Amino acid sequence: MTKGRYSGYIRPFTYFIDLILINLLFYYCIESKIELISHFFITFSWLIISWNIGYYEVYRFTKPLEIVSKIFNQFLIFTILIFAYAGYMVENVSISKSFKYVVLVIALTAVLKLFVYYFLQFFRRFLGGNFRKVIVIGSGEEIKELIQFFNENIDYGYKIVNIFYVNKDSNLQIQKALQYVLNNYIDEIYCSLVDLEVKDVILLEDFADKNLKTLKYIPDSKNILLNNINYDYLGYIPLIPMRDIPLDNPRNYILKRVFDIIFSLFMIVFVLSWLTIILTILIKLETKGPVFFKQKRNGINYKVFICYKFRSLYVNKSSDTELVTKFDKRITKIGKIIRKTNIDEMPQFFNVLLGDMSIVGPRPQMISVNEDYLQRIDKFMVRHFIKPGITGLAQVSGFRGEIESNEDIVNRVKFDVFYVEKWSFLLDLKIIFSTIVCTLVGDKKAY
């Protein structure tokens, strides 16, 4: 179900190269020795400025003039900070050295940024790579304009592989289109709102959620566009994204990822380093078998990963098919303690460090359970638009542990979908704090 593209690596790569450049040039131009405080300042300043002005938010449909504007804003603020810092904090530095530094930084990073942008356009237009497979549903004038735009702007990297013209029997055409999406690994679906009925919209959104596909609507150009709707634009063509996910924003994603790395490293070094030794002894004294329990689970974009836990059950053949219940005889004595205190989940900090999980997110389910729920529970697959977490909003809201009824999983999914759509860093901090409180005071559903 993954999209099979490598675009996600481009932005982190440019971040990495830019940070190396600005630090090496600072050493070369201003300070001939390594001063950690200086390198921390320029790195931190660069990142804060770039996040606030969206310096790295360059997409396949971003115009060159907009990129130049981002470069200008980035370096205007960065230059002011560098001159201020060098003047007050660096001994015997001349204005010419500071000027030489910012000119070299501007020249090299701007060239790199524009090179990547135009290289990808060249790659898409002449080599046919880095493209997204698209289908279009509808028959109005808006659809014709979109098709024309895609055909005339190959360098944007959208390839229309099929068009499904809607007639009187719209439902039949849409069913054919959705089956085509599944059979041909389509990435994005574009639909004309004017050609759809309410039942068609419900069908499309349900399909997109369950299959993790990007769905965008083309509004009726004759109607006045609402101000409170967030629009994407392809050229002059407005598009309404079906679902707004805050973590799709690179700034939010990087903030969350940096926090995940720092927090997980802290827990691994200062807690797991000694806790693992103690639990290894206790688990081995009580039962034979491995200290760690490994299980395949579904993560972001439904990708399978290996989830780690401290083993809390006797070794058995049903661990991957049967959920643990309150009075489950498979739970060991030490298992009851570490499950009650959530200690059994702590090896998942390694999953966070590896990038398979986050500190906070929807809890991952075993594969057999996932396959069952996605067939029965509406919006269940929306959970997989982001990384799963060690803890989550549903868990601190009373919906953790055993699934005793359909209502339990439905409510859990509701909280997970809310988290996916309303994520904020403050919400993450609140959930982490609530998790610590629940662990200290106890949770009746923790067993």
Side-chain angles (χ1 to χ4, degrees), residues 1-2 182 206-212 290 292-332 335-336 338-340 342-348 350-352 354 356-420 431 435 443-447:
M1 286 194 168
T2 56
L182 293 178
D206 184 58
F207 174 86
D209 280 343
K210 287 184 176 179
N211 295 280
L212 305 176
F292 295 100
F293 173 67
K294 298 185 292 184
Q295 188 177 67
K296 290 182 178 180
R297 298 195 178 185
N298 297 108
I300 186 171
N301 291 326
Y302 216 59
K303 180 182 177 182
V304 175
F305 71 98
I306 302 297
C307 183
Y308 298 99
K309 299 177 70 173
F310 285 119
R311 183 170 61 85
S312 59
L313 307 181
Y314 292 101
V315 176
N316 65 91
K317 296 180 179 179
S318 59
S319 295
D320 293 329
T321 55
E322 295 182 17
L323 293 171
V324 177
T325 56
K326 188 170 185 178
F327 301 106
D328 203 313
K329 295 181 179 180
R330 296 174 297 169
I331 304 176
T332 64
K336 290 180 181 178
I338 63 176
R339 292 179 70 89
K340 186 72 176 176
N342 297 316
I343 291 175
D344 64 319
E345 309 283 359
M346 292 193 70
Q348 287 162 33
F350 286 104
N351 286 117
V352 174
L354 292 171
D356 294 320
M357 293 180 65
S358 182
I359 303 297
V360 181
R363 283 293 297 155
Q365 302 286 345
M366 67 174 70
I367 291 177
S368 59
V369 171
N370 252 16
E371 295 295 331
D372 176 38
Y373 287 151
L374 72 86
Q375 300 296 331
R376 298 191 290 112
I377 308 299
D378 189 34
K379 306 299 180 187
F380 182 80
M381 286 296 289
V382 175
R383 307 166 73 252
H384 296 283
F385 277 110
I386 64 173
K387 291 180 182 178
I390 298 177
T391 185
L393 182 60
Q395 282 62 45
V396 299
S397 303
F399 296 99
R400 60 159 293 173
E402 183 181 357
I403 307 291
E404 298 176 350
S405 66
N406 251 21
E407 186 179 359
D408 286 335
I409 187 61
V410 168
N411 285 320
R412 186 177 295 183
V413 169
K414 285 181 180 178
F415 279 99
D416 287 339
V417 172
F418 177 89
Y419 177 81
V420 169
I431 292 170
T435 301
D443 187 335
K444 65 180 181 179
K445 297 203 73 175
Y447 45 80

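Keep in mind that this is a model prediction, so the values were computed, not measured.
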**Message:** Less than 4.5 Å apart, side chain to side chain, heavy atoms only: is that true for Met366 and Leu323?
**Reply:**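 Answer yes - side chains close enough.
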
So, for [X] and [Y], which heavy atoms are closest and what is the spacing to 0.1 Å?
X: Pro388; Y: Asp356; answer: CD-O, 3.6 Å
X: Gly389; Y: Arg363; answer: O-NH1, 2.8 Å
X: Ser318; Y: Arg330; answer: OG-NH1, 3.2 Å
X: Val417; Y: Lys379; answer: CG2-O, 3.9 Å

**salt bridge (Lys or Arg N to Asp or Glu O under 4.0 Å) evaluation trace for Arg412 with Asp416** = CA-CA 6 Å; Arg412 186 177 295 183; Asp416 287 339; over 6 Å; no

**Request:** Carefully, step by step, assess Tyr419 and Val360 under the rule side chain to side chain contact (heavy atoms under 4.5 Å, CB included).
**Result:** CA-CA 10 Å; Tyr419 177 81; Val360 181; 3.5 Å; yes

**Request:** Apply side chain to side chain contact (heavy atoms under 4.5 Å, CB included) to the pair Arg339 and Val324, showing each step before the final yes or no.
**Result:** CA-CA 11 Å; Arg339 292 179 70 89; Val324 177; 3.5 Å; yes

Gap separating the [atom1] atom of [X] from the [atom2] atom of [Y], nearest 0.5 angstrom:
X: Glu322; Y: Asp328; atom1: CD; atom2: CG; value: 8.0 Å
X: Leu374; Y: Gln365; atom1: CG; atom2: CD; value: 11.5 Å
X: Met381; Y: Gln375; atom1: CE; atom2: CD; value: 10.0 Å
X: Ile338; Y: Arg311; atom1: CD1; atom2: CZ; value: 9.0 Å
X: Ile431; Y: Ile359; atom1: CD1; atom2: CD1; value: 12.0 Å
X: Phe418; Y: Leu393; atom1: CZ; atom2: CG; value: 7.0 Å

**Asked** Partners of Asp206 by side-chain hydrogen bond (donor to acceptor under 3.5 Å, both in side chains), sequence neighbours excluded?
**Response**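 So Asp206 forms no side-chain hydrogen bond (donor to acceptor under 3.5 Å, both in side chains) with any residue.
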
**Item:** Audit row: Phe305, Leu354, side chain to side chain contact (heavy atoms under 4.5 Å, CB included) steps and yes/no
**Value:** CA-CA 10 Å; Phe305 71 98; Leu354 292 171; over 6 Å; no

**Message:** Once side chain to side chain contact (heavy atoms under 4.5 Å, CB included) is applied, do any residues pair with Ile306, and if so which ones, sequence neighbours excluded?
**Reply:**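 Side chain to side chain contact (heavy atoms under 4.5 Å, CB included) check on Ile306 returns Lys294, Lys296, Tyr308.
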
**Test side chain to side chain contact (heavy atoms under 4.5 Å, CB included) applied to Leu313 and Phe293, step by step** = CA-CA 9 Å; Leu313 307 181; Phe293 173 67; over 6 Å; no

**Item:** Phe292 ring center within less than 6.0 Å of Phe310 ring center
**Value:**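 Between Phe292 and Phe310, which both carry aromatic rings, the centre distance is below 6.0 Å.
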
Okay, side chain of [X], backbone of [Y]: is any donor-acceptor separation there less than 3.5 Å?
X: Asn316; Y: Tyr314; value: yes
X: Ser368; Y: Asp320; value: yes
X: Thr332; Y: Ser312; value: yes
X: Arg297; Y: Cys307; value: no
X: Gln295; Y: Ser319; value: yes

**Request:** Run through Asn298, Asn370, Asn301, Asp209 and flag the one making a side chain to side chain donor-acceptor pair (under 3.5 Å) with His384.
**Result:**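 Testing each of Asn298, Asn370, Asn301, Asp209 against His384, the sole residue satisfying side chain to side chain donor-acceptor pair (under 3.5 Å) is Asn370.
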
**Prompt:** In terms of heavy-atom contacts, does NZ of Lys414 have more than 12 from other residues, nucleotides or ligands at under 6.0 Å?
**Reply:**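 12 or below, so no.
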
